[in-house]
Amino acid sequence: MGYGGSEDNSGRIVGQSGDGGIDGVIDQDALGLERVYVQAKRYGLENAVSEPEIRAFTGSLGAAKASKGVFVTTSYFTQPARSFAERHPFRIVLIDGAQLATLMIRHNVGVQIDETLYLKKVDDRRKPSQPLFLR
């Protein structure tokens with residue numbers, strides 16, 4: 001998506017499953033002065049991310065002296081979770097399962113081509129005096 005520039009180690013996993021903190025860090029510049037902190041939750045569609053999870057993430061951001069983060073889930077966010085993220089002084093971007101799938105397809109991450117479709121049209125650059133079909 002363009003974050004981290006061309007640095008090989010600009011994004012890294014820092015957490016482990018069940019740690020309740022920060023799962024990843026993306027350096028936005030070569031010196032790591034600007035960072036985006038990431039929290040990821042792999043939930044089923046019936047299990048939404050609620051406000052307490054967003055509150056815990058903002059606490060982790062504060063402990064890391066960070067001011068911005070991205071919370072990604074495979075499910076969806078409750079309205080109270082979205083409202084909390086919008087009114088919190090930290091910049092928090094919420095990415096739900098549908099947005100995640102769109103980003104994966106757009107940036108060709110974790111996907112593979114299943115089928116290619118070719119759309120063809122008649123070449124309309126022919127001279128008007130040329131027959132459309134040749135014998």
Side-chain angles (χ1 to χ4, degrees):
M1 292 176 55
Y3 288 98
S6 61
E7 298 296 318
D8 288 337
N9 296 330
S10 61
R12 57 198 175 280
I13 298 170
V14 296
Q16 297 177 7
S17 181
D19 67 1
I22 307 259
D23 292 327
V25 178
I26 302 169
D27 291 332
Q28 290 187 280
D29 60 79
L31 297 176
L33 296 172
E34 289 292 321
R35 291 185 169 157
V36 177
Y37 291 82
V38 180
Q39 174 72 42
K41 295 286 185 194
R42 185 177 177 186
Y43 285 170
L45 293 176
E46 70 285 348
N47 191 10
V49 175
S50 59
E51 184 179 341
E53 282 112 335
I54 305 301
R55 282 185 185 275
F57 180 52
T58 59
S60 296
L61 289 175
K65 297 181 182 176
S67 62
K68 54 188 161 186
V70 177
F71 199 115
V72 181
T73 184
T74 52
S75 65
Y76 64 98
F77 297 94
T78 63
Q79 187 54 47
R82 289 189 178 281
S83 295
F84 181 82
E86 287 174 10
R87 69 178 187 269
H88 197 278
F90 295 162
R91 176 75 175 125
I92 301 169
V93 174
L94 304 179
I95 299 175
D96 63 18
Q99 291 169 306
L100 179 60
T102 299
L103 289 169
M104 289 172 67
I105 291 167
R106 182 178 302 147
H107 296 282
N108 206 27
V109 174
V111 297
Q112 62 184 352
I113 296 173
D114 182 45
E115 185 176 333
T116 303
L117 175 67
Y118 294 97
L119 298 176
K120 297 185 178 188
K121 64 180 184 176
V122 173
D123 184 358
D124 59 356
R125 294 177 292 166
R126 68 179 179 80
K127 296 177 187 170
S129 60
Q130 288 180 312
L132 186 57
F133 298 102
L134 300 175
R135 295 179 197 211

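Remember, predicted model here, so these are calculated numbers, not experimental data.
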Counterpart residues, side-chain contact (heavy atoms from CB on, under 4.5 Å), relative to P80 (two or more places apart): E51, T78
Rounded distance (nearest 0.5 Å) linking atom CZ of F77 with atom OG of S83: 13.0 Å
Spatial distance of atom CZ (R91) from atom NZ (K68) [nearest 0.5 Å]: 10.0 Å
Distance-minimising heavy-atom pair for F71 and E53: CE1-O, 3.8 Å
Contacts of R42 that satisfy side-chain contact (heavy atoms from CB on, under 4.5 Å) - sequence neighbours left out: T74
side-chain contact (heavy atoms from CB on, under 4.5 Å) evaluation trace for D96 with R82: CA-CA 11 Å; D96 63 18; R82 289 189 178 281; 3.3 Å; yes
E86 CD to I54 CD1 distance, which is reported to the nearest 0.5 Å: 11.5 Å
Distance, nearest 0.5 Å, that separates CZ of F84 from CG of L94: 11.0 Å
Point-to-point distance, once rounded to the nearest 0.5 Å, from OG of S50 to CZ of R55: 10.5 Å
Gap separating the CZ atom of R35 from the CD1 atom of I26, nearest 0.5 angstrom: 11.5 Å
Y76 and Q99: CA distance, side-chain angles, deciding distance, side-chain hydrogen bond (donor to acceptor under 3.5 Å, both in side chains) verdict: CA-CA 10 Å; Y76 64 98; Q99 291 169 306; over 6 Å; no
Heavy-atom pair of closest approach, residues F57 and I22: CE1-CD1, 4.3 Å
Test item: I92 and L61 side chains (from C-beta on) under 4.5 Å apart, heavy atoms: yes
Considering all heavy atoms, the nearest V49-A81 contact: O-CB, 3.6 Å
For the student: nearest non-hydrogen atoms of T58 and F90, plus distance: O-CE1, 3.4 Å
Heavy-atom pair with the smallest gap, counting every atom of S75 and G44: CB-O, 3.2 Å
From T102, N108, L100, residue fulfilling side chain to side chain contact (heavy atoms under 4.5 Å, CB included) relative to M104: L100
From CA spacing to verdict: side-chain contact (heavy atoms from CB on, under 4.5 Å), V36, V25: CA-CA 6 Å; V36 177; V25 178; over 6 Å; no
For the student: nearest non-hydrogen atoms of A40 and D23, plus distance: N-OD2, 2.8 Å
T73 side chain vs K41 backbone, donor-acceptor pair below 3.5 Å: yes
